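Everything below concerns the one structure shown next.
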There are 2 protein chains.
Amino acid sequence: MTTLMRREIGEQPAALRATLDSLLPRIAEVAALARETRQLLFIARGTSDNAAVYGRYLTEARTGRLATLAAPSIATTYKSKVDLEGVLAVALSQSGRTEEIVETQAWARACGAKTVAITNGGPSSPLAQGADLALCTEAGEEKAVPATKTYTTQLAALAVLALGLGADVNPSDLDRVPDAVEKLIEDPGDLEAVVEGLAGKPGVVVSGRGLAFSTALETALKLKEACYLHAMGLSYADLLHGPIAVVDEDTPAILIAAGEGPTLPGTIALAERVTGAGAAAYGVGGGTGLATAATAALNGPDLPEWVSPLGLIVPGQLLTEALARRLGIDPDAPRGLNKVTQTD
Amino acid sequence: MTTLMRREIGEQPAALRATLDSLLPRIAEVAALARETRQLLFIARGTSDNAAVYGRYLTEARTGRLATLAAPSIATTYKSKVDLEGVLAVALSQSGRTEEIVETQAWARACGAKTVAITNGGPSSPLAQGADLALCTEAGEEKAVPATKTYTTQLAALAVLALGLGADVNPSDLDRVPDAVEKLIEDPGDLEAVVEGLAGKPGVVVSGRGLAFSTALETALKLKEACYLHAMGLSYADLLHGPIAVVDEDTPAILIAAGEGPTLPGTIALAERVTGAGAAAYGVGGGTGLATAATAALNGPDLPEWVSPLGLIVPGQLLTEALARRLGIDPDAPRGLNKVTQTD
């Protein structure tokens, strides 16, 4: 029997095509808001916050604008007034109904920001209604609790946002994404070996640098949510800066990189360091260089670095779904979680 | 035999007094830079990055200025140019010699930012030399690998920074900090029970909200570094948004809150939820309310919320030192770590 999660992983190529078809014609609207602002503030929680990390790195690396990840409690708990003149606040919520995010968006507007909503909840959702501009993703209804297609379509919306901000990239790279994701689903690489390598381990460290850091955080969150693994998402630098101590024979590492770009050599070196210390390092993406250095590897997408996170998460989704089943957990409904979480 | 780490924990009251005596007279210099800027950018890694999280929440909650945690790889790996006009960049490094931080500080200046250095490396360190204003902490030499007194004195420097930014607080609260820390060291509360509760567990979730989030991240980092625990530092909201699934009989929670302030009720409710689910919740601070809701509790400082993180980390330091010894690890020299880490 196919799980809902596995089915929704498979729906991503179509969801990405529909979302790009809907949002690419709206670049001029983003550009108009961009002209009124000089920097970005991303407002999100959970999976959407991991998408925001992609938006943050993409904005800074490719558009020259400063980008900040908001601390929602400043708005909702401290109720502080912060000067947000010249700020474009981008709020992300799959449902468009998470109260904390809707409230923080309203706070940003009251503090002087222009607002963009990225949501799968449609134009009538509170988040879309509260924004100057709503970029609605076309993922369709998502039934499994672990978010998959709503996450990758958020990334697509963020890539469109970056084009509206004048990113120094080739826009046609986006057209290649749905097919690249399709190919990954058909041939994920050595999935069985990685599932067996993680089964029975209490924890795992998941690391990636720059644009791939968002993928590391989201892969770790999926493994925590649906496999109850002590999965620690860490940037490459923060892993070296301390917690490398936790990597050992009981705690493998998952290391993620695009197939090209400036973060790849460091990720390969980290894989060599982990395996040299006697621990297992599982590669995700990173081409033959990372696959060779790793204990076993999952394929990454054949895409330029700036859009690679749209595909790089897919191996982690497939891994989570397969590992949950291997551990006797129903990935569609892990304990302790609901589809729409209210935090306050 | 007393470990170096335990001795340096005990040196914190004197280190805090010396640092405050040295830095409080320099508020006017901070204020002059503040007038030329409108927002903050914190540049740090590892323990210093956890201090920056305190600086970030304090700045936004009490000064009305937007604060961003920098992604150093934008400077060092992507070498992107970002518009930082009107930004006050605050770089933190205990040694003042971590190349990635020194390089990111230089990048911020080249991008148009004004710069402040917070370091224990003295005025001749590269970080201090590269800044418009250097706030040098007076922790003295730190010999144990896990940072303790260099961390709390960084927090003191950040509190002074906030005063220079015009924070809406009572400056004399800072004078109470060294004695409050002294009292915590003398009477940490139920340390033995928490050490026994964590011994043999593979992982722990550490959570705190708002200003106490910095303490949660730093407590988790200490437990990862020196006890090899799968310690996951999560904000209150992110814990509810997903990974609450990982809390179970094998994975207790450490919940941290100031003795007063708007985050306390939610933290008490979270403790009740965790114990209600059959897992252990260990309280740090939060007064009798959190202690009553928790399985066992460590005392927090008797301080107003805005300065409470300067004391709230002390129970976590004592716990780390005692748990490491209990597990047969030398807390002064955990595996895989050096005192000055270079990430590139």
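Small disclaimer: the values here were computed from a predicted structure and weren't measured. A note on names: the letters A, B, ... follow the listed sequences, proteins ahead of strands, and every chain is numbered from 1.
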Open item on the list: Let's test your reading of the structure: which of A:Thr68, A:Thr59, A:Val87, A:Thr263 forms the most heavy-atom pairs below 4.5 Å with chain B?
Closed with: A:Thr68
TODO: Under the side chain to side chain contact (heavy atoms under 4.5 Å, CB included) rule, what do B:Leu84 and A:Gln39 come out as? Steps first, then yes or no, please.
DONE: CA-CA 10 Å; B:Leu84 298 182; A:Gln39 68 188 90; over 6 Å; no
Task: Most contacts with chain A, counted as non-hydrogen pairs under 4.5 angstrom, among B:Lys79, B:Glu305, B:Arg62 - done: B:Glu305
Task: Between B:Asp168, B:Asp250, B:Leu229, B:Leu211, the one whose heavy-atom pairs under 4.5 Å with chain A are most numerous - done: B:Leu211
Between [X] and chain A, which part of the residue has a heavy atom less than 4.5 Å away: side chain, backbone, both or neither?
X	answer
B:Leu66	both
B:Leu69	backbone
B:Ala277	neither
B:Ala67	backbone
B:Val204	neither

Minimum side-chain heavy-atom gap [X]-[Y] below 4.5 Å:
X	Y	result
B:Tyr228	A:Thr251	no
A:His230	B:Pro202	yes
B:Ser73	A:Phe213	no
A:Val205	B:Lys224	no

Task: Nearest heavy atoms of A:Ala61 and B:Ser80, plus distance in Å - done: O-OG, 3.0 Å
Task: Contact summary for A:Arg56 and B:Ala71, nearest pair of heavy atoms - done: NH2-N, 3.3 Å
Task: Sidechain N-carboxylate O distance under 4.0 Å for B:Arg65, A:Asp83 - done: no
- [ ] Answer yes when B:Arg209 and A:Glu100 have at least one side-chain N-carboxylate O distance shorter than 4.0 Å, and no when they do not.
- [x] yes
Open item on the list: Among residues at least two apart in sequence or on other chains, which ones pass side chain to side chain contact (heavy atoms under 4.5 Å, CB included) with A:Ala51?
Closed with: A:Leu92, A:Tyr151, A:Gln154, A:Leu155, A:Leu158
Task: Region of A:Glu85 that comes under 4.5 Å of a non-hydrogen atom in chain B - done: both
